[in-house]
Amino acid sequence: MDMKTVESKWQQRWEKTKENCFNKKNADKKFYVLEMFSYPSGAKLHIGHWYNYGPTDSYARFKKMQGYEVFQPMGFDAFGLPAENYAIKTKIHPKDSTEKNIATMEQQLKAMGAMFDWSAEVKTCEEDYYKWTQWMFLKLFENGLAYRKEAPVNWCPSCNTVLANEQVVDGCCERCGTPVIKKDLTQWFFKITQYAEELLQGLDKIDWPEKTKLMQRNWIGKSTGCEIEFECESGDKFKVFTTRCDTVFGVSYVVLAPEHPLVKKLASEEQREAVEKYVAETAKTNEIERLSSAREKTGVFIGHYAINPVNGEKVPIYAADYVLYSYGTGAVMGVPAHDERDFMFAKKYGLPVKKVIENKNGETVLPFCEDGICVNSLQFDGRFGEDARTEITNYLTKLGKGQRKVNYRLRDWLVSRQRYWGAPIPVIHCPHCGIVPVPYKDLPVRLPYNVEFEPDGKSPLAKCDEFMHTKCPHCGGDALRDPDTLDTFVCSSWYYLRYPDAHNTKMPFDPEIVNKMLPVDKYVGGAEHACMHLLYARFFTKALRDMGYLNFDEPFQSLVHQGVILGPDGNRMSKSKGNIVSPDEYVSTYGADVFRMYLMFGFSYTEGGPWSDDGIKSVAKFLDRVERFVLKVKDYKSAKDSVAAGANEKDLNYARNYAIRQITRDLESFSFNTAVARLMEYVNALYKYDGFAEKDNAFLKECTRDLLLLLAPFAPHFTEELWEQWGGKYSVFDHKYPVCDESALEREESEYAVQVNSKIKTKIMLAKGLSNDEIQAIVLADESIRPLIEGKVIRKFIVVPGRLVNIIL
RNA sequence: GCGGCUGUGGCGAAAUUGGCAGACGCGCCGGACUUAGAAUCCGGUGGGCAACCUUGCAGGUUCAAGUCCUGUCAGCCGCACCA
């Protein structure tokens, strides 16, 4: 079959007949299959795109054939740094390069033959999309979920922009690898922390990979403990957070983060110079160094003391950078006997180590950090672990010096970026009225084309006068626009809501439509988004729900991550390693169907693995084999030479229904490699039957027709063509996927493995429905078994129905 | 350091969830058809002459372990001074 011709023939036909368009009339049978949309960075699809989209499309086609009205849209996550960095290098405007890349990628995606509904396409860099991204921002602002604050933020000195916590990897910028530094800047944040608890709880209700859920749980980082108030000699008070309030009697010092305001306020005359020096040095150290747990602890005594509320002890106050200002209260109590960090710190600065917990099961070696029995803790002596914590918390609460407290590691999401290629933040800064949101009717705030975007640490838009100068919507006076753009993750936090109503000009989406179409039934994409996109999208969904726009809690009911296809050398494909494999030549040699089917057959979908094209020919061979067979059987004359259904027909029918059952199961679980294997087995069975002298041609044709239906999702162009030649009605995808006839799988006999003392000795065919005693009688009488057991006592006779028997002597 | 995942023939990989390890393929070997090759079709293929051995390694539970438990090694991923 000439795949080139066949592919374009059917792609055109599908487009002309709107075969892949979602039909809103059937919305009650909707099935929303979504692949993470592409970033148009390069002009070409790489193997990763194929691996994500090809097999998932087969799944979508399978669902369609099962009778669902499948909605499978595609679009482009088109704003972002790579286009801008590319522009800086080549002077090609990001808008131009992005649009060009999108045009090419659209062609390639269409050539792939996936059933994307292009009528719902979304491009985040277009006005009619980012207008609504800005709308989202305003809604969040209106609902108190977007706010501006000055804070130490992550700054990438190479990209010249701030980064979200999630975009800092090992203290470095996730894009360019440059070490991130801390800067105090006033930035926009989204209050994702308000949803920390629900984001955590919601994970229990969704069908996602456990690994991903665990990553989100860890990222949210809930910890339950106690806040304890310490009063200083000066009368100033501060709180510490601890999960181990059962150790509070062992406090020998307290530590404030260097950024803590009390550090400067309380520093004594003698210590002032040392403290200021230390604080300044901390500010200079970069994140990687500071956050390394291996690093030796440093700190400085600030020359002031605080009172331990449970025993009135006076303890010195230190400033030390192992305490993070951004977590908890930015202050901790130091209990050297029961915390490794505090222990190291105390040893270094000669602070007392006071044991207040003893090991229940043996010698107490300090630092002892597990739960134990309280000692030297007055009325709490003898209490253990959680009980001790509860009692001490209650005691502190009664004193008015503490309370139970839950903390999360999750931080608010920093969304402003000092870059050009993104959605402008729809806010106006008025010298009289302050921060004024752009009125909804004035959206979009257009991103101007002619901008000097060479990065110099200031927002490129700040240098564009025509953009910056505007009137205050409130007082009408001169005012300035916000020069920052939104993190591109904001754009991708709601795109799945836009698809079902992609052309709405009055709203981002019609809630009535979206509430019918969502949640996404199957979302497929890379695991690298676990704590970014997948978390942000959940936050957006919950926020929009609380504003009354949505009536569901989670955007993606079921999630699958495809594995990563590595270079042939086992490393991640990268230009620098020179191990990039392009799909193009394979596609032009073998065709799209063979290539995607090989991706399904040669790898375990969720595992991925190093690229190898060893088996690609085998898939081509398989399809040839199918083609030859189908065309041969097509011309068989039916009725006349029909014979009564005998054993061979029964076997073939078994093979057929076994294939149907297994392939259906395998597709449901994204186990594409075994599904293809079952198809191959079925074709082998068909060939075998065809080789018999006597055969029932009508039955064989029926079985062959089922083969085409089974194969269709895997090799869509190929099967559509054969289906037509077979005489099937267009389109093969409008026919029902075969359903397993369970009765065909019931057999009168099954083969049992016979073990003696757990070692397999022989195999026996046994009829169905025999009692254990009957089985025992037959097995013991078997010629190959009898000599092995003669004269011996059978201690046990185990029967696993339909599978094996084990004779224990 | 903490958490998670993975480890199976020469290769890609399966294994009904504790029940015949290696499905389906690649590769290789043999045969058929061919003047010959390609293509195709049929058969064989974990190791060992054998008894037997075999799922990274060492133990354990069980009639039975790739699967469960304990320890250990290697690789990958995530978090990393979160109090």
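Below, read A as the first sequence line, B as the second, and so on, with proteins coming before strands; counting in each chain starts at 1. Source: prediction; values computed, not measured.
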Task: Listed nucleotide nearest any side-chain atom of A:W219, set B:G19, B:A80, B:A83 - done: B:A80
Open item on the list: Would you say A:R409 places a side-chain N or O within less than 4.0 Å of OP1 or OP2 belonging to B:A80?
Closed with: yes
Open item on the list: Checking A:A527 now: which residues fulfil side-chain contact (heavy atoms from CB on, under 4.5 Å) with it, not counting sequence neighbours?
Closed with: A:H561
Task: Qualifying residues under side chain to side chain donor-acceptor pair (under 3.5 Å), relative to A:S223, sequence neighbours excluded - done: A:Y327
Quiz: residues 598-613 of chain A side-chain donor-acceptor pairs under 3.5 angstrom, not counting sequence neighbours:
from	atom 1	to	atom 2	distance (Å)
A:Y598	OH	A:S612	O	2.5
A:Y605	OH	A:Y51	O	3.1
A:Y605	OH	A:N52	O	3.2
A:Y605	OH	A:T56	OG1	3.3
A:W611	NE1	A:Y586	OH	3.4
A:S612	OG	A:D614	N	3.2
A:D613	OD2	A:Y586	OH	2.7

Open item on the list: Walk along nucleotides 24-32 of chain B from 5' to 3' and tag each nucleotide B, S or - by protein heavy-atom contact under 4.0 Å, base first, then sugar-phosphate.
Closed with: BSS------
- [ ] State whether a side-chain donor-acceptor pair under 3.5 Å links A:Y278 with A:T298.
- [x] yes
Task: Distance, C1' atom - from B:A21 to B:G7, rounded to whole angstrom - done: 16 Å
Task: Non-neighbouring partners of A:R244 that pass side chain to side chain donor-acceptor pair (under 3.5 Å), sequence neighbours left out - done: A:D246
Open item on the list: What contact category does A:Q755 fall into here, base, sugar-phosphate, or nothing, at under 4.0 angstrom with non-hydrogen atoms?
Closed with: base
Task: side-chain contact (heavy atoms from CB on, under 4.5 Å) partners for A:E386, two or more places apart - done: A:R389, A:T390
Open item on the list: Should the side chain of A:K763 and the base of B:C20 be counted as holding a donor-acceptor pair, with the cut-off at 3.5 Å?
Closed with: yes
TODO: Heavy atoms under 4.0 Å is the rule here; annotate nucleotides 66-71 of chain B 5' to 3' with B where the base is hit, S where only the sugar-phosphate is, and - elsewhere.
DONE: ------
- [ ] Under the side-chain contact (heavy atoms from CB on, under 4.5 Å) rule, collect the residues that match up with A:N684, sequence neighbours excluded.
- [x] A:R625
Task: Secondary-structure stems, RNA chain B, at least 3 Watson-Crick or G-U base pairs under 3.5 Å - done: B:1-7 with B:73-79, B:10-12 with B:24-26, B:27-32 with B:40-45, B:56-60 with B:68-72
Task: Minimum-distance nucleotide to A:T243 side chain [options: B:A64, B:A14, B:A83] - done: B:A83
Open item on the list: Students often mix this up, so state it plainly: with edges at 30° and 60°, are the rings of A:F345 and A:Y349 parallel, tilted or perpendicular?
Closed with: tilted
- [ ] Could you give the distance separating B:A14 and B:C29 at their C1' atoms, to the nearest angstrom?
- [x] 24 Å
Open item on the list: Using the P atom as the point on both nucleotides, what is the distance between B:C28 and B:U35, in whole Å?
Closed with: 25 Å
- [ ] Considering only NZ, NE, NH1 and NH2 on the basic side and carboxylate oxygens on the acidic side, decide whether A:R404 and A:E227 come within less than 4.0 Å.
- [x] no
Open item on the list: Any base atoms under 4.0 Å from A:I798, or only sugar-phosphate, or nothing? Heavy atoms, all strands.
Closed with: base
Open item on the list: Classify A:L214 by what it touches in the nucleic acid, base, sugar-phosphate, or nothing, heavy-atom distance under 4.0 Å.
Closed with: sugar-phosphate
TODO: Counting heavy atoms from C-beta on, name the nucleotide in B:A83, B:C81, B:A14 closest to the side chain of A:T674.
DONE: B:A14
Open item on the list: Counting only side-chain heavy atoms from C-beta out, which of B:A64, B:C81, B:C41 sits nearest to A:K297?
Closed with: B:C81
Open item on the list: Given B:C81, B:G19, B:A14, identify the nucleotide with an atom nearest to the side chain of A:N673.
Closed with: B:A14
Task: Distance-only side-chain donor-acceptor flag, A:T193 / A:R411, under 3.5 Å - done: no
- [ ] Could you verify whether a donor N or O on one side chain and an acceptor N or O on the other, from A:D741 and A:N657, lie under 3.5 Å apart?
- [x] no
TODO: In plain terms, say whether A:K354 and A:E313 are close enough for a salt bridge, that is, a side-chain N and a carboxylate O under 4.0 Å apart.
DONE: yes
TODO: Using a cut-off of strictly less than 4.0 Å between a heavy atom of the residue and any atom of RNA chain B, enumerate the qualifying residues of residues 565-574 of chain A by number.
DONE: none
TODO: Could you measure between the two C1' atoms, the one in B:G46 and the one in B:C26, and give it in whole Å?
DONE: 16 Å
TODO: Please collect all salt bridge (charged side-chain N to carboxylate O under 4.0 Å, His left out) contacts where either partner lies in residues 664-685 of chain A, sequence neighbours excluded, each pair once.
DONE: A:K63-A:E668, A:R678-A:E681
Task: With A:K213 via side chain to side chain donor-acceptor pair (under 3.5 Å) - residues at least two apart - done: none
